[in-house]
Amino acid sequence: MPELPEVHTILNDLAPRLQGLVFQEVTQCRPGTLNEPSTDELARSLPGKRIEQLERRGKYLLLHLDSGQTLIFHLGMTGRLYLLGQAEPPDPYCTANFVLDDSSQLCFADPRKFGHIWLVDDAASVVGKLGPDALDESVGASELQDMLSLRRGTRIKAVLLDQSVLAGIGNIYADEALFEARINAERAAGSLTPEEVAELRRAILVVLRRGIENRGTTFSDYRDGFGRAGMNQQALAVFHRTGKPCPRCGTAIKRKSVAGRGTHYCPSCQPL
DNA sequence: CTATAAACCTGCTGGC
DNA sequence: TGCCAGCAGGTTTATA
């Protein structure tokens with residue numbers, strides 16, 4: 001599940017390789033991905049346009065073009081966006097292949113087709129509703145406190161997953177941040193003490209930065225901008241570790257559904 | 001407002 | 001060993 005650290009890793013990989021290149025051709029290898037406009041239309045309008053700058057907003061990757069338009073990718077659950085090596089065989093799940101003027105190929109592959117590609121005149125039409133980026137250091141504990149007070153009756157896990165509050169946190173890093181901050185996922189957002197809010201803000205930054213340092217979390221699908229697996233799955237404390245010992249106290253990690261999401265936690269370190 | 005659920009999709013897991 | 005039902009999950013949309 002590509003979340004902020006995974007998309008950030010892809011951004012870091014692709015930005016130095018793509019900046020300044022011109023699209024030559026777009027081919028569709030597999031139907032079905034949710035493209036707006038269609039891949040056919042992308043194939044008609046992208047060639048000749050130059051990539052000026054790459055940007056990440058939450059889990060979205062933006063390619064700003066010299067036409068003033070923005071090509072935007074969201075990887076959904078199983079999406080990959082990577083540079084295909086020269087002799088590498090095509091990705092069996094490739095839904096769109098972007099050929100650039102240095103003959104490198106950018107492959108968008110997505111087995112479950114939850115991903116999206118947009119080409120828009122105004123990037124805000126896609127990312128305009130996002131809250132501040134979860135890595136934005138200008139968002140401190142007091143700003144987070146204000147956001148939580150607006151959603152004070154909602155469970156804290158649901159608030160963390162809400163991209164209009166903070167952008168970029170998904171199921172993996174929500175569970176990890178709540179563990180790091182020793183906060184139960186079912187707590188009402190408004191019930192957190194100022195100390196807990198400050199701890200949560202710190203924890204969010206810690207787990208996201210660690211995820212980036214480890215080049216993202218790969219359980220099965222995620223790959224970086226060169227098609228390689230990440231390493232952060234080895235650093236996770238609770239996510240996907242049901243029954244295994246809590247790294248802090250040794251208690252067996254539990255899993256339950258909170259806000260409609262599989263939620264992993266230490267029942268001893270994160271009491272309700 | 002809040003919350004839950006369904007829909008999208010398909011590889012994988014678990015049960016029989 | 002093999003088959004199949006059901007789960008997983010980001011986001012949007014619909015319904016309680």
Side-chain angles (χ1 to χ4, degrees), chain A residues 1-8 10 28-36 38-39 56-62 72-81 91-96 108-118 120 123-131 133-134 146-178 185-191 208 211 216-223 229-230 232-233 236 238-243 253-265:
Chain A
M1 300 132 270
E3 305 178 22
L4 186 153
E6 288 73 36
V7 181
H8 203 83
I10 293 172
Q28 179 167 20
C29 341
R30 180 173 181 260
T33 299
L34 302 161
N35 297 344
E36 298 166 43
S38 66
T39 307
R56 182 189 58 72
R57 295 281 306 277
K59 305 174 192 173
Y60 295 76
L61 186 66
L62 287 67
I72 304 179
F73 295 91
H74 192 291
L75 300 177
M77 281 178 55
T78 56
R80 299 177 180 177
L81 184 67
D91 190 304
Y93 296 108
C94 172
T95 54
F108 182 88
D110 185 14
R112 290 189 206 177
K113 302 177 185 173
F114 273 36
H116 283 253
I117 304 174
W118 297 265
V120 293
S125 65
V126 177
V127 296
K129 287 173 292 184
L130 295 178
D133 196 85
D146 292 344
M147 297 172 188
L148 297 189
S149 66
L150 293 172
R151 306 288 306 274
R152 70 187 90 109
T154 305
R155 285 171 291 192
I156 186 63
K157 167 128 180 184
V159 178
L160 290 182
L161 293 175
D162 185 341
Q163 303 300 299
S164 71
V165 177
L166 279 179
I169 301 171
N171 207 31
I172 297 173
Y173 296 95
D175 282 1
E176 291 296 310
L178 288 169
E186 295 181 87
R187 295 269 302 279
S191 76
L208 293 178
T217 301
T218 298
F219 283 116
S220 57
D221 295 289
Y222 164 71
R223 294 294 184 276
N232 197 56
Q233 59 280 7
L236 299 178
V238 289
F239 192 86
H240 238 265
R241 295 195 65 247
T242 309
I253 299 302
K254 282 194 165 185
R255 180 185 191 280
K256 70 187 292 191
S257 184
V258 177
R261 284 287 180 278
T263 297
H264 312 73
Y265 64 103

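Naming: A, B, ... by sequence-line order, numbering from 1 per chain.
Counting only distance, with no hydrogens or angles, the side chain of A:Arg241 and the backbone of A:Gly243 share no donor-acceptor pair below 3.5 Å. No side-chain donor-acceptor contact under 3.5 Å links A:Gln233 to the backbone of A:Phe219.
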Problem - Per-nucleotide protein contact string for nucleotides 11-16 of chain C, where B marks a base within reach and S marks sugar-phosphate only (heavy atoms under 4.0 Å, - for neither) - result: B-----

Check: protein-nucleotides 11-14 of chain B nitrogen or oxygen pairs below 3.5 Å:
residue	atom	partner	partner atom	Å
B:dG11	OP1	A:Tyr93	OH	3.3

Measure all distances between protein nitrogen or oxygen atoms and nitrogen or oxygen atoms of nucleotides 2-6 of chain B, and list the pairs falling under 3.5 Å.
residue	atom	partner	partner atom	Å
B:dA3	OP1	A:Gly153	O	3.0
B:dT4	OP1	A:Arg155	NH2	3.0
B:dT4	OP2	A:Arg155	NH2	2.6

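Residue A:Phe114 contributes atom CZ, which lies 15 Å from atom P of C:dC7 at whole-angstrom precision. Note: NZ (A:Lys157) to C1' (C:dG9) measures 11 Å, nearest angstrom. Across the protein-nucleic acid pair, A:Leu75 atom CG and B:dC9 atom P stand 18 Å apart, rounded to whole Å. Taking atom CZ on A:Phe219 and atom P on C:dG9, their separation rounds to 10 Å, with Å as the unit.
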Problem - A:Lys256 and A:Tyr265: CA distance, side-chain angles, deciding distance, side-chain contact (heavy atoms from CB on, under 4.5 Å) verdict - result: CA-CA 8 Å; A:Lys256 70 187 292 191; A:Tyr265 64 103; 3.5 Å; yes

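Of the charged side-chain nitrogens involved, none lies within less than 4.0 Å of a carboxylate oxygen, so that A:Arg261 and A:Asp175 do not count as a salt-bridged pair.
At the heavy-atom level, A:Phe239 lies under 4.0 Å from the strands shown only through sugar-phosphate atoms.
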